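Written below as structure tokens is the structure these notes are about.
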Amino acid sequence: MSSKLAVVTVTYSPGEHLDEFLSSLALATEETPQVIMADNGSTDGSPEAAEAAYPNARLFRTGANLGYGGAVNRAVAEIDDDIEFVVVANPDVRWHPGSLDGLLAAAERWPRAGALGPLIREPDGSRYPSARAVPDLLSGAGHALLSTVWPSNPWTLRYRQDNEAVTERTVGWLSGSCLVLRRSAFDSVNGFDSRYFMYMEDVDLGDRLGTAGWLNVYVPDVEVTHTKGHAAGRHPELMLPAHHQSAYRFQADRHPDLWQAPLRWALRAALALRSKVVVASALRQRQIDETATDR
């Protein structure tokens, strides 16, 4: 086993994605890192099958559905203290050849990098905006309210940084679907905030790393492919409210003063209303899709 890095992936019935994750990982680095599958309650047998098939993969049952950040924290606690880098990636990531070694090489170029992330491709080859600015209250609200009806609104463009050059650079935060984390940086901010069950935990981590003096570095010369949302797509009635709750927590934590309480109340009410609207829309669309499939 490598003494330089370990890999953590959070599993929740990931199906065939997990096998592709592990098989492609073997081509992503010349090292043989330990892989810890932090399992939040899978019922499809895929983590057990992966542990049997891949000698460097270890199944670690968290004992409950802890959410993403909480499960990662529990798994990282299982890793030896002398591991320099921890790779955190979703089980539906497909590694491109040499991609992980490319991220580790970038870490050598950026000794103050607390987190490094690749260019993430969608399954159709399009680029996912995985390197973004930390949202303030105005840009976050503008993006949330207008992104679906006016995708080119200035708040979404500023938040997603779609107009930024695709070059190696520092950013506000990086998608938690594929991250290389310097262990000393991760430990210095006490890892992910486990209060976030799902979504925004990567935004929060990137923001706290930056506040602590570390850098979040986007490395677009390195690419992976992410079949995102396989769990969220199955359960929009659970995942979409969690997204809105996390968005509230992120802003509420950053506006904690007593005089800001009316702002927090208004934000909570607006996000709760938006959550109900988007959940209803997602459930209607799922019903339409299922009806079409049955025909």
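Just so it is clear, the structure is predicted and the values come from calculations on it, not from any experiment.
Using a 4.5 Å cut-off between side-chain heavy atoms of Ile, Leu, Val, Met, Phe, Trp and Tyr, with links allowed through other members, Leu283 and Val278 fall into the same hydrophobic cluster. Side-chain heavy atoms closer than 4.5 Å link hydrophobic residues (I, L, V, M, F, W, Y) into clusters, and following such links, possibly through other members, connects Val76 to Val189. Ile83 and Leu209 end up in the same hydrophobic cluster when Ile, Leu, Val, Met, Phe, Trp and Tyr side chains are linked at under 4.5 Å. The same ILVMFWY cluster, assembled from side-chain heavy atoms under 4.5 Å apart, contains both Val35 and Leu59.
Annotation for Thr167 and Pro220: closest pair C-CG, 3.5 Å, computed over non-hydrogen atoms. Gly172 and Val134 get closest at one heavy-atom pair: O-CG2, 3.6 Å. Here the closest non-hydrogen pair linking Leu174 and Ala131 is CD2-CB, 4.0 Å. Residues Ala115 and Leu179 come closest through the heavy atom pair CB-CD2, 4.3 Å. Here the closest heavy-atom approach between residue Val171 and residue Tyr218 is recorded as CG1-CB, 4.0 Å. Closest non-hydrogen pair, Val8 versus Ala75, comes out as CG1-CB, 3.7 Å.
Counting heavy atoms from C-beta on, the side chains of Ile120 and Ser177 come closer than 4.5 Å. For the pair His17/Arg94, no side-chain contact is recorded, criterion being any heavy-atom separation below 4.5 Å from C-beta on. The shortest distance between side-chain heavy atoms of Pro135 and Val203 falls below 4.5 Å. Side-chain atoms of Leu66 and Val10, non-hydrogen and from C-beta on, never get closer than 4.5 Å to each other. Side-chain contact between Met37 and Phe60: absent, with no pair of heavy atoms (C-beta onward) separated by less than 4.5 Å. Between Phe21 and Val7 the shortest side-chain heavy-atom distance falls below 4.5 Å. Inter-residue side-chain proximity for Phe85 and Arg183 is flagged as unmet; no heavy-atom pair is nearer than 4.5 Å. The side-chain heavy atoms of Leu119 and Val222, taken from C-beta on, include no pair separated by under 4.5 Å.
Between Arg127 and Glu223, none of the side-chain N atoms (NZ, or NE/NH1/NH2) sits under 4.0 Å from a carboxylate O, so this pair counts as no salt bridge. One finds no salt bridge joining Glu201 and Arg195 here, because no Lys/Arg side-chain nitrogen approaches an Asp/Glu carboxylate oxygen to under 4.0 Å.
Interatomic distance, CD of Glu168 versus CH2 of Trp110, reported as 6.0 Å (0.5 Å rounding). The distance from the OG atom of Ser194 to the CZ atom of Arg74 is 10.5 Å, given to the nearest 0.5 Å. Atom CG of Asp253 and atom CG of Asp193 lie 6.5 Å apart (nearest 0.5 Å). Separating the CG atom in Asp202 from the CZ atom in Arg132 is a distance of 9.0 Å, to the nearest 0.5 Å. In this structure, the separation between OH on Tyr12 and CG on Asn90 is 15.0 Å, given to the nearest 0.5 Å. Note that CD of Glu108 and CG of Leu103 are 12.0 Å apart. Values are rounded to the nearest 0.5 Å.
Put simply, the side chain of Arg268 never gets that close to the backbone of Leu263: no donor and acceptor are under 3.5 Å apart. Panel note: side chain Asp44, backbone Ser46; a donor-acceptor pair is recorded below 3.5 Å. Judged purely by atom type and a 3.5 angstrom limit, Thr9 uses its side chain to pair as donor or acceptor with the backbone of Ala89. A donor-acceptor pair under 3.5 Å is formed between the side chain of Ser42 and the backbone N or O of Ser13. Not one N or O on the side chain of Asp80 forms a donor-acceptor pair closer than 3.5 Å with the backbone of Asp82. Put simply, the side chain of Asn216 never gets that close to the backbone of Trp173: no donor and acceptor are under 3.5 Å apart.
Around the CD atom of Glu30, the shell of radius 6.0 Å holds no more than 12 heavy atoms that belong to other residues, nucleotides or ligands.
Figure legend: cation-pi geometry between Arg182 and Trp214 absent, as NZ or CZ is not positioned both under 6.0 Å from the six-membered ring centre and within 45° of its axis.
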*List the steps, then state whether side-chain contact (heavy atoms from CB on, under 4.5 Å) holds for Asp257 with His255.*
CA-CA 6 Å; Asp257 295 331; His255 299 85; over 6 Å; no

*Walk me through it: do Tyr54 and Asp19 pass the test side-chain hydrogen bond (donor to acceptor under 3.5 Å, both in side chains)?*
CA-CA 9 Å; Tyr54 295 90; Asp19 183 69; 2.8 Å; yes

*Step by step, would you call Glu78 with Arg58 a side-chain contact (heavy atoms from CB on, under 4.5 Å)?*
CA-CA 11 Å; Glu78 297 290 309; Arg58 171 191 166 196; 2.9 Å; yes

_Check against side-chain contact (heavy atoms from CB on, under 4.5 Å), Leu181 and Leu205_ = CA-CA 11 Å; Leu181 296 165; Leu205 178 66; 4.1 Å; yes

*Could you go step by step and tell me if Val180 and Leu100 meet the side-chain contact (heavy atoms from CB on, under 4.5 Å) rule?*
CA-CA 8 Å; Val180 168; Leu100 185 46; 3.8 Å; yes

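With sequence neighbours left out, the ring-ring contact (aromatic ring centres under 6.0 Å, His included) criterion links Phe192 to Phe186. Taking Asp207 as the reference, Arg254 meet the side chain to side chain donor-acceptor pair (under 3.5 Å) condition, with sequence neighbours excluded.
Side-chain contact of Glu20 with Trp95: a donor-acceptor pair under 3.5 Å is absent, judged by distance alone. The closest side-chain donor-acceptor pair between Asp39 and Thr11 falls under 3.5 angstrom. Asn56 and Thr32 share no side-chain donor-acceptor pair at under 3.5 Å. Side-chain polar atoms of Tyr68 and Asn40 form no donor-acceptor pair below 3.5 angstrom.
Between Thr225 and the options His96, Glu122, Arg121, a side chain to side chain donor-acceptor pair (under 3.5 Å) holds for only His96.
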